Structure formats: structure tokens, C-alpha cells
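Here's the structure, in C-alpha cells; my notes come after.
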Amino acid sequence: KKYVYNFSEGNKDMKSLLGGKGANLGEMKGLGISVPPGFTITTESCNSYYENGERIKPEILKQINEQLQILEENIGKKLGSIDNPLLVSVRSGAVFSMPGMMDTILNLGLNDETTIALAKKNNNYRFAYDSYRRFIQMFSDVVMDVEKYKFEEVLTRVKNANGYEQDSELNEKDLFNIVEEFKAIYKKEVGREFPMSVKEQLMLAIEAVFRSWNNNRAKVYRRLHNISDKLGTAVNIQAMVFGNMGDNCGTGVSFSRNPVTGEDELFGEYLINAQGEDVVAGIRTPKNISVLKDDMPHLYKEFVEISKKLEQHYKDMQDIEFTIEDGRLYILQTRNAKRTPNAVVEVAVSLAEEGVISKEEVILRVGTEEINKLLHATFEEKSLKEAKQLTQGLAASPGAAVGGIYFTAQEAVEAAKTKPVILVREETSPEDIEGMISSEAIVTLRGGMTSHAAVVARGMGKCCVCGCQNMIINYAEKTLKIAGVTLHEGDIISVDGSSGKVYLGEVDKVDAKFSNRFNKLLGWADGIRELKVLANADNETDAKVAFEFGAEGIGLCRTEHMFFEEDRISLVRKMILASDTNERLRFLDRLQPIQSEDFYKIFKEAQGKSVNIRLLDPPLHEFLPKDKNTVKLIAEEIGISVNQLEAKIASIAEFNPMMGHRGCRLGITYPEIYLMQAKAISSAAIRARKEGIEVNVEIMIPLVGLEKELAVLREQIVELVEKEIQLYNADFKYKVGTMIEIPRACLIADKIAEHADFFSFGTNDLTQLTFGYSRDDAEKFIDIYKKKNILESDPFVHLDDSGVLELMKLAVEKAKTTKSGIKLGICGEHGGDERSILLCSKIGLGYVSCSPYRVIIARIAAAKAAI
Ligand code: ADP
Ligand code: MG
Ligand code: MG
């Protein structure tokens, strides 16, 4: 079996075997781009390493040695040679990029002797010892888990003693001494000498990269991004090129477009005379990539060309790592760039405009959860002007966040359980990942647009401001001194990731606006999709928002929510507590015009779009007073004693209300309630028609499980509505149908369909009743089920694609045998979830209905379902 591939044997389609980095290095070689030679040890080797008790099989070792030899011959240098030593980097490379999560070692192959050889060969002792000290530090960290700061302390001390500001000022003597100290630290921490055998260095490094697959931060990252633990990482062994040999050398990172806004311009940073991750680490302040135009004009031009070429080739914006050695440009990595949700849209749509990708491809590229973030708020202008600005950093990742400040990842995680938090740090590192996840925003003192904090935050769509240089953080005292104020842990700040400004206290937020390209994308989605997208809206305000987001109708209007409003709840309570039908009718008569007014307003918003009104659904006792004072008040109003009232309330209470006296059962036992609602609907429709407003109303009866329930209720309702229509000589379109949310209803859907003009799957209740999980209590065990892999996902979030879906499928088939053209759709939370929407389309539903803020997402998801 082949476990090791030369770069020249790889290409971009071999990601699962070679990892993203290795596959793309191979691809770039094939494109004729200058990439230092090397080879990739496959992800299968990593899995074999684990299966084999954390040891590399001899077969793999043999192939590594063969490839090493080829590399040595190819480049004319030898690992460990004291004439012309080969140095390599050992680079991790997972299938999906996990920036900064795993480990890389540079300059491997240096020991006391080869360092001298390297110095002589290049006539540059400073460079050789700079490389050596970097190697010792990285090797100790990655392979032996010696903490980085132990080495950083030495560097800082030497720099301070000599009055240097930057690492690049260290001279050869300094570096020679530093190497000696580093080796001593290694010996002290590890209990052995630093390994002088280069082969041993190489093997230990390869194993360490394999092991880094399972370090804690990598695991957390995988969980966050739903990446399987089984994929394993590849290891790339690559000849070193040196950005730290002098002033005609350097290293940098650049995006082919702006990853914040999506604009078509290079966006990156570089450092002269530096190596590897110096740019990202925030040790020195890097230069903007545009400065390279003046520093090294022909290299800048070359880089621009490569960047365009890679973009065209990969048909996407790239994130490119490069190094300049002695005036020659090398590309060390390219990958599809992480970007803000805003840039996702801008880049995808502009690529389509440029003819690089199709409209369908654009739709497939935008993740609905990213879009969701795009819809998030920004700060309100006026409130912003009044706020005290604390600092202006780099606008690393847009968004508006308000929260209490915390200075460590752990404290942020803890505090975030009860309130919004903002993580404030000098800089972030991969260990902070959990803290970043829990925070609303991240603010750092150091680091640029490509720093760890910036890249990771953009990937998460999280607000981030970097490089706020006027901050003084005191970790010990947990204080932040800034702009003349001292803030303590928990104090509130507001962070504007779009401007890079940070404000004291809480600034008000406003909803997001859509860019032209975003609207264009939505237009494309609408052209492609077949599912209609409706919204759940209980009042005119929600309806208005829903229509602004492009809802084609109201798929669910829950009438009970109107009952809870201040001025009517007392009427509702008295209606429920009425001692006989007559008394109940009296209160219903008073409620009717109020409901009618509500419906009229919604019809007015809808302007002829369909409005689906669900008749009263929840168990009655939900409306009853819970606190003593209210009970007393109501007792007085009705004119009975508190005791009598309490007894009455107790008699209505149920052991299992979700499965109790609710939905159409109320309609059957108290026909007058549903009739009042039907009358309110009719009179609202008649009023609207008089004003020339089109009305297209659907009356929905909830919780039907028996054919008869629907038959009886339908007859009563139709009779009433027809009478009203005749009486007022009105004409409005109405349908009567049902919610399908009881498993039994699915099983007899053909019979139920005889009395229904439409079915709307109420998948919240259907899931609850199919699983036998109470929606309100299931959280406790669903989380554990997920962790133990008993459930793949929460069935209340993503529609259960076997059980519940099977019932729905059956219901659809059966319903169609009775009425081939019956209107079918879904309302409830699943209607706004991409995965569930795909399933709904698969079983032949005609529409989805979701909350107004999910409408945009549903429009895009529905388009995906049609592609
Ligand atoms: P990561 O996956 O964390 O980005 P990389 O393997 O890309 O880690 O390595 C980080 C950096 O190390 C690269 O961006 C590059 O600057 C430097 N590097 C890696 N390999 C080489 C090499 N062969 N020559 C010079 N620099 C290298
Ligand atoms: Mg890295
Ligand atoms: Mg990299």
C-alpha cells in the first residue's frame, strides 16, 4: 500500500488522503507554481499509527526513507550533512483546514554541527543560529510539550538587556548564546539532551504531528465545525526555504480578496527577514501587502499574478502563505479562504458576475448559518454618537456585540453561562478557542488582520477587533486601563467589529441591511427554488417583517398569542372560568371583535397572500392566573370567593397538559370557542373585502387524530362562514384544513384528507409525540444522547430523517390518493432549518413556513433543495 506521496504525485482531489495542505501543494506544483519540493505522509498513515498502538509501521517508515532520499537527490542536500545540510519543515495537514489547531515544526535537521555547516554554506552565522533557536523552541513545544513561554522569557530578557525592540535585531552572538540556553531549558524540562540525531528528530516530529490530531484544541475545533474525529491528519515533509536570511528575504500571508468585505483587492501582511508564523504571532507589526509593491516591485507583481491564477483555478478566493528567499518567491500553502458571512456573499456573487462560477454554485456556497449571521444587528447611529469611544483597533470581523469583559478563556466560558461576555486579551492563541466560542466578541491588544483572533473569529462569524494598542491589561488584577478609564472584570463594553471601535457601556443595536449583491443572490435563489416560503406570524408586526423578508404568505398565525395581551387576558380568563355556556358566550362575544380586528390587520398586511389561522390550540389552564394577587383580583371581578376560584383552577389543571384537553378537543367540547374565532375571521375578511383588499384565508384545526374530529368541526365552521358570506353578500377565498401533528393522523391521512383542503405538518408536536419526548423536558437527556452518539442530532432542531419523516411521507402519499392537489406544507421550527427543508422538498411538500427572521434562510435553503 502506498502511504507516502511525492508532492508531484498529488492533486487537489486527493484531500482525504493527503490532507488539504498536501493536496494543494501537489496541485500548485502541477500548475507550475514555485513550491519547495517535498512529500506527504497520508492520513491513512495517521490512522494506522493510532491503530498500531501509536507506532509507525515499518512499511510506512520504509516509504518515508525512500521519499526522503528522492528529496535529497532532487535538491542536492542531505539531512544531517555537515557539508550541505538539508532542512525540512514537518507540517500537519488535515482534510479540512483547522487554522492554528495543529502543529508544524520548521528548520528540522539542525544540530550543533549542521548549524555550523549551514552558517558556512551561506556565510551567515546569524541566520543559522536564528534558525536553530527557532527549531529548538518549536521542537520542544510540539514534540515534548515544553511551554513556549519558557523560551520567550529568554528572548525577552536578551532583547531588554540590549535595548532591542524586535527579534530581528538579535545578532549572531546573542543567538548563539540563546541556543545554548534553549538547549539547557530542553534538558531541564525533558530530562535528556536535545537530540542531535536528525533522523530521530524527524521521526519524533512526525509522530508528534500525528498526536497533535488529538490535542484538546483540535478536538474542540472539530466538534464546533462538525468534523469527524476519524479523518486523521497527513504530515508534509518539505524542504525549507528561508525568509530569515536577510533583508531580501521575508515571509507573509495574503488573501486574494478582502476576507472582511469581499472586495477584489489583495489583503495581507508580510515581514522582512522573518520566518514562518512571525506574521501571525503578532511579535512584530507586519507591513501591509501593498507596501511590497515598493519594497520588491517585481515580486509583488509576481504574487498578484499567482494569486489571480490560483483564484481562477480553484474558482474561489484563496488564502496564500508565501516566503521570499534571496529575492525569490515561494508559495507554501493555498486554501479556500475563511471569510466573513458578508464576504461569502460578495465573493460568490462577484465570481458569478465574472463568469467563474454559476448561479447554482453561488447558492450552494452560501451556508445558511452564515447568512443568519449576516442578518444580525449593527449599532444604532445616534446611540453610537453618544457613547464614549474607548479605542479604535482593526475591524477584523464585523458585527455588533455588547457584553461584560473577561480576561481569560475559562472565565469567559464560566460567565457566558449567565450573560453575554466579551473576551479581552493581549492576543489569543488556539488554547483560547472555547472562550472565543462562548463570547459575543473578541478584543485584542496585539495582532493584525491575519492574527489568530481575527482568522478564527471570522470563521465563526463572530465580532472581533484586533490591535487595540492603547489597552493596558492587568491579568492579575483583572483590570483593563483604556482611554483614561479603568474597567474591571464584568464591566460592560460595546464592540463594533465593522469599524474597529470599542465603546464604554451598552450601545443600542439595529437590524442589518442587505447589500446589492445579497439581493441579487436572493433573486437567483427565488428563481431556482420550487418550495414556497411562508412565515409564522401571530400579529401584524410580525407579518410586516415576514413580508419584508420575502415571505409569500403566512403559514401559521397562532391565535392564542393574541389572547395573552394585557387588555384581553382578563376577558379570556373569565371566558374560561365561566360556569356555563351562556356565561362563556357573553365573554366570547366581547372577545370576538378584538380578534376580528387582529385578523383584519393581518389581512391588510397580506394583501391577498394566503393567511393560515390556527384555531385555539393550547390547554386552557395556560391562560389561568398563577400568582395569588391575580387570583384574588379575578375572584372579585367574577364575584366568587378565592377558594372557589382556586378550586375551579385546580379542576382545569392537568397531569399531562401537552397530551390533554387542547387543540381540536377544545373545539369539540366547547364549540362556541371555535365558532367565535371563525366568526372573527369572517367578519375581518368581509371588512377587508369592502375596502378592496384581497383575502385568502385558511382556517386550520389543530391536533386532529380522528377523522370525525375534523369532519364535525369543519361542518360547523363552513356552515357559519357560508352564512356570514350570504348575509353580507361577501366573497372571500377560504379553506379549511388541519395540522398533521399526531402520529395517528399520519396513519389515516387518506381519511382525514377527505375533510381537509390542506395539511400543515406541525413537526414540533409530531416529533414530540413520535419520539414520546416532551419538548419542554427533553433537553436534559438529548444532550447526553448526542454525546453518547445515540442521537446524531436534536430531533427538535433537525427533522428526524427516518421516523418522523417516514410518517410524513406516508401521510403525503395517503393524502394524495384522496386529493391529488391537496396543499401540503410544514410549519414549526423545522421550517427554517436547512437540513429539514431539504427533506421536506424530498417528500413533496409545497411550502415551508418559518419564523420571519428565518425566511431569507429558508429561501436559500429551498433553492439548494431544487439544485
Ligand atoms: P499551519 O497549518 O498552522 O498554517 P504550516 O504548515 O502552514 O502551519 O506552517 C506555518 C508556516 O511555516 C508557513 O506559513 C510558512 O511560513 C512556514 N513554513 C512551513 N514550511 C516551510 C518551508 N518548507 N519553508 C519555509 N517556511 C515554511
Ligand atoms: Mg500554524
Ligand atoms: Mg499554514
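Read the numbers this way: they start at 1 and go in the same order the structure lists the ligands and their atoms. Everything quoted here is computed from the prediction, not taken from an experiment.
Remark: ligand 1 atoms within the under-4.0 Å shell around heavy atoms of Thr251 are 16 (O). Residue Gln333 has at least one heavy-atom neighbour below 4.0 Å for each of these atoms of ligand 1: 4 (O), 7 (O). Atoms of ligand 1 lying under 4.0 Å from any heavy atom of Gln238, numbered from 1 in the order shown and given with element: 20 (N), 23 (N).
Note on ligand 1: Lys21 sits in its first shell, one or more heavy atoms being nearer than 4.0 Å. Within the 4.0 Å heavy-atom cutoff, Ala239 counts among the residues contacting ligand 1.
A salt bridge between Glu321 and Arg335 is present, with a side-chain N of the basic residue lying under 4.0 Å from a carboxylate O of the acidic one. A salt bridge is defined here as a Lys NZ or Arg NE, NH1 or NH2 lying under 4.0 Å from an Asp or Glu carboxylate O, and Asp278 with Arg134 meets this definition.
In this structure, OE1 of Glu321 and OE1 of Gln333 enclose an angle of 80° at the Mg ion (ligand 3), rounded to 10°.
In this structure, Phe194 has its ring center closer than 6.0 angstrom to the ring center of Phe135.
Among Arg257, Arg339, Lys12, the one residue that satisfies the salt bridge (charged side-chain N to carboxylate O under 4.0 Å, His left out) test with Asp316 is Arg339.
Taking any N or O of Arg335, backbone or side chain, none lies under 3.5 Å from an N or O belonging to ligand 1.
The local environment of CD in Glu180 is crowded, with over 12 non-hydrogen atoms from other residues, nucleotides or ligands closer than 6.0 Å.
If you check the side chains of Gln201 and Asn111, you find no donor sitting under 3.5 Å from an acceptor.
Heavy-atom proximity to atom 13 (C) of ligand 1, evaluated over Met240, Glu321, Gln275, is greatest for Glu321.
Residue pairs satisfying the side-chain hydrogen bond (donor to acceptor under 3.5 Å, both in side chains) criterion with at least one member in residues 13-24, sequence neighbours excluded, are listed as follows: Asn24-Tyr314.
With a cut-off of 2.8 Å, the Mg ion (ligand 3) has no N, O or S atom of Thr104 in range.
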